[in-house]
Chemist: 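Here you go, one structure.
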Amino acid sequence: MALKVKKLYIQNFKVFTEQSVDLGESDLIVFDGPNGFGKTSLYDAIELLFTGKIRRYENLKKTAIDSRENFNENPWLHNDFPEGDIIIKAEISFDNVTKILMRKAKNQDLKQTQFFDSFRLYEFDTFDSESGTLIADEIAYLTQLLGEDYNQNFQFLNYIEQEDSIRLLKSKDREKKNEIAHLFNTFDFEKDYKIIKEVHAKIKVLCKKDIESDLKRRGNEIIELKKKLIKQEDCQYFKLIPGGTNFWDVEHVEFKQNVFSDIVGEEGLLVKFLNLCENKTHFKNYRFNKKVDQIISRENEITSFLRFYSFIDRKEELIQLKRRLDSAKRLLESLNELSIDNIASEQLAISSELEKYIDSTELVRSYNSLRSSLILRKKQTSSLEAVRIGLKQHHSNLISKFDEYCKLRNDTSVCPFCGHDWEESQKLKENIEQQSLELEEIIKGTSQELIKSISDFKEGEVTQLKNKLSELIKSNPIDAEFILQLEKSDELKLLSFKKILDGLEVDVTSYLNNNPTLNSEINVQDLINTLKGTRKQYEESKIAPYFNDVFSQVFKNAEVSLDEISLDDIKEKIKYIEWQYSIFQNSEITKREQTLKVAWDNYNRAKETTNNLKKIIVVYQESLKEYSQKLISDIEILFHIYSARIIQDYQGGLGLFIDNKKGIRFLTDPSKEFDAVFKLSSGQLSALIISFTLALNKKYSRNKVLFIDDPVQTMDELNIAGFIEVLRNDFKDRQIFISTHEDMMSSYMRYKFDKFNLKSKRINVKEIANA
């Protein structure tokens, strides 16, 4: 495809504010001028337009920028116009079909990203159109125009970059080949090859040696299981422990790992239980003696049991009696302290509970009535006393005021309150004093009557009540501390203790305390001696250490006696479990055999598939190698010719060679092993990479365009002459962009092309920058 860039417009991008360049039908475009005025920026603009990125900045981003860092500026914006948009527009001819393409990044989007995500591609009808159409699927659009892998092709086929010209040379052989592998159109081939290798790796895991060893081991286990297979006749199911919940005592036993040996193996539960039943007399006597010893060791509990057990039924009665007597004692004590001052005290009241046990209703009624009357009179007397004290105070104030009044009235004899004339003031004063004395006598008389009534109350009803209370206390002697301890005692424990003793068949009636007092003698030792005498004989050697655990496991909470289980029952249960296990074994062996057969089938299929895939991989490898060698050989001749014509000052212009045994290696001689990068100068290396890119472009480039950034800066005149000759002879069918900072070199290159009747154009970047 003949591709030509005819016009280029750049706005607000790097060093360019707003520049438009008309390239026309030029075959050679030379960007010249001093460094720093935008030669490389022109290439950047064209690369960004075609690929949507600038490769060297993408690489720099990975190594020089922390992805967590945020920026408030964009490096592509022109310094003088930080608020403007970036626009790169070009008129491009594709086989005489003209397209107007534009890359644009809005300023507000540029503020959010420092790289190329904000650039969008548009198509215009004409170069001067104000608006264009946004390309929604940019990759599909450019692929149709520029071909498959246009992005990578631009890097390796169309653009020789000054800064990165020998990066490819310094990479490893295989990496060089991988960089340009897409040019060989082997992507689908290598994709399938990769998938086959991944599948091969996964399936290979399924047929490793250790898997085969494991399958053989499982087969041997099945053989051993068959050897140990228990032959047992059908058995009738029965429950060995009625009411029990043992998992092995059900009709269909679940045989998990080691369950069978745990039940009926040499150390199995039922074998141990069988041994227990064979020695059950010794075991029962052993358990009996153990219970006796446990009881004997609880001497404090024995004492408490003997002291309080007989009074369990009378416990509440005794507690109530103690409370009643305590109430009577408190009342009696209060009656002894009765006086006018405490007559109203609540402690002198007879409680309703105590009233029931004073056998004189009339006395209680009379006591309560007189006490209530005395309490009322005490309140009244107290009120009169308060009045008297007030009158006395008023009287003192009255005399004082009356004296002042007499002074003001010159010793008057007229009473200022009632107006009566006493003829003499002294008589008036004496009369006032006499009234006060009479009032005081009245109050004294009232108090004396109250004292007399309380005295009569104490001699009468109080004395009778005290006698009644004393009689009640005397007729009900109790040990208060005993009743307190009885109240604190645990009734359930006492009953449980009695049950244990009954289980030992010990009659404790004669040892129980029947007197509710702590002074009663408790014959604890006698009972202990009796308990010791109940011990039974057994042989220690007949008691296995596991008997207690087995007894607990087998019976659990089932209410069944050891005597109810016979040895024959246990043996029959063992036979039943063995019969159940034989059924399980047959089923398990069948399952294992089926599972093992599937595993062997999978293993063999995996092994066969692995071998087949291995053969396919070898075929792929050989095919890919042969194809790669053929493709490399296609560019080898071109590379050899171009390198000979460009690097004329090395080996007399014999040219360089390509070796592709393990990738791509450039050699100065086919017999050599070291890469040419170890022998050539920097200028010669630059010429080498130019030769290689020209060979690739000639062979593979669909778009006949070349961009070469300052190729002559490290090359001498002889090599430059050869380079220009190659371009004007072998690449005259494509548009070539070259940059240089040397005016003479720019003129020389244009002259050479003009002599071949090829159109050339000079663009001086300094001039357009200042335009």
Side-chain angles (χ1 to χ4, degrees), residues 139 143 148-149 151-153 156 168 171-229 255-258 584-636 658-667 673 675 696 699-700:
I139 294 176
T143 298
E148 295 287 342
D149 299 313
N151 213 311
Q152 288 176 289
N153 289 346
F156 292 105
L168 184 66
S171 58
K172 295 178 180 179
D173 299 353
R174 191 167 296 280
E175 290 174 358
K176 292 173 191 172
K177 186 175 180 180
N178 290 338
E179 291 258 16
I180 62 171
H182 68 283
L183 302 176
F184 303 155
N185 197 25
T186 59
F187 178 77
D188 291 337
F189 186 90
E190 291 184 339
K191 182 180 178 182
D192 293 341
Y193 174 63
K194 182 181 178 181
I195 292 173
I196 291 170
K197 284 190 70 176
E198 290 175 352
V199 172
H200 175 264
K202 291 180 178 178
I203 296 178
K204 189 177 180 180
V205 173
L206 302 177
C207 55
K208 293 191 301 184
K209 281 291 183 183
D210 57 343
I211 293 179
E212 183 180 11
S213 300
D214 182 65
L215 292 175
K216 290 178 178 178
R217 177 189 59 78
R218 288 163 61 183
N220 292 331
E221 285 181 354
I222 292 173
I223 293 171
E224 291 301 316
L225 278 174
K226 288 181 176 179
K227 289 178 181 178
K228 297 177 182 179
L229 192 61
F255 293 100
K256 297 178 182 178
Q257 189 175 10
N258 298 325
F584 168 78
Q585 279 184 310
N586 281 317
S587 173
E588 187 68 15
I589 288 172
T590 301
K591 288 179 183 177
R592 288 196 183 191
E593 286 178 334
Q594 291 172 346
T595 304
L596 184 60
K597 182 180 182 302
V598 172
W600 270 116
D601 290 344
N602 291 337
Y603 173 81
N604 291 327
R605 279 198 298 269
K607 195 171 183 179
E608 182 182 358
T609 304
T610 299
N611 292 332
N612 292 336
L613 288 173
K614 189 175 181 180
K615 293 175 184 177
I616 294 173
I617 288 171
V618 171
V619 172
Y620 262 79
Q621 288 172 337
E622 292 299 325
S623 300
L624 186 60
K625 183 178 179 181
E626 291 175 7
Y627 183 63
S628 298
Q629 287 174 343
K630 180 181 181 303
L631 292 171
I632 292 293
S633 67
D634 288 345
I635 63 170
E636 184 177 14
I658 298 177
D659 177 76
N660 68 335
K661 292 177 183 177
K662 296 182 178 179
I664 293 178
R665 181 177 297 178
F666 301 105
L667 303 175
E673 293 184 357
D675 198 295
L696 291 173
K699 177 66 180 175
Y700 296 112

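Side-chain atoms are counted along with the backbone in the values below, which use heavy atoms only and exclude waters and symmetry mates.
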Chemist: Which pairs of donor and acceptor atoms, one on a side chain in residues 199-214, lie under 3.5 Å apart (sequence neighbours left out)?
Modeler:
unit_1 : atom_1 : unit_2 : atom_2 : d
E212   : OE1    : Y603   : OH     : 3.0
S213   : OG     : K209   : O      : 3.1
D214   : OD1    : R217   : NE     : 3.2
D214   : OD1    : R217   : NH2    : 2.4

Chemist: Please list all pairs meeting salt bridge (Lys or Arg N to Asp or Glu O under 4.0 Å) that have one or both residues in residues 598-609, counting only residues at least two apart or in different chains.
Modeler: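 Pairs touching residues 598-609 that pass the test: K597-D601.
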
Chemist: Under the side chain to side chain contact (heavy atoms under 4.5 Å, CB included) test, which residues partner F584, sequence neighbours left out?
Modeler: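 Checked F584 against side chain to side chain contact (heavy atoms under 4.5 Å, CB included); matches are F255, Y581, E588.
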
Chemist: Under the ring pair (Phe, Tyr, Trp, His ring centres under 6.0 Å) rule, what pairs show up with a residue in residues 205-226, not counting sequence neighbours?
Modeler: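 Passing the test, one end in residues 205-226: no pairs.
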
Chemist: How would you list, by chain and number, every residue that makes a side chain to side chain contact (heavy atoms under 4.5 Å, CB included) with L596, sequence neighbours excluded?
Modeler: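 Result, side chain to side chain contact (heavy atoms under 4.5 Å, CB included) vs L596: L215, R218, I222, W600.
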
Chemist: Enter the distance from T609:OG1 to N604:CG here, rounded to the nearest 0.5 Å.
Modeler: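 Nearest 0.5 Å value for the OG1-CG distance: 10.5 Å.
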
Chemist: Taking only residues two or more places apart in sequence, or in another chain, which ones meet T143 in a side chain to side chain contact (heavy atoms under 4.5 Å, CB included)?
Modeler: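 For T143 the side chain to side chain contact (heavy atoms under 4.5 Å, CB included) partners, ignoring immediate neighbours, are I139, E148, Y150.
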
Chemist: If you round to the nearest 0.5 Å, how far is CD of E198 from CD1 of I196?
Modeler: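 It is 10.5 Å, given to the nearest 0.5 Å.
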
Chemist: Which value, rounded to the nearest 0.5 Å, describes the distance between T590 atom OG1 and Q594 atom CD?
Modeler: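 CD of Q594 is found 6.5 Å from OG1 of T590.
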
Chemist: Just wondering, do T595 and V598 contact through their side chains at under 4.5 Å, heavy atoms?
Modeler: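 V598 vs T595: side chains apart.
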
Chemist: Return the set of residues passing side chain to side chain contact (heavy atoms under 4.5 Å, CB included) with N258 (not counting sequence neighbours), or none when no residue passes.
Modeler: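 For N258, the residues satisfying side chain to side chain contact (heavy atoms under 4.5 Å, CB included) (neighbours in sequence not counted) are S261, D262.
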
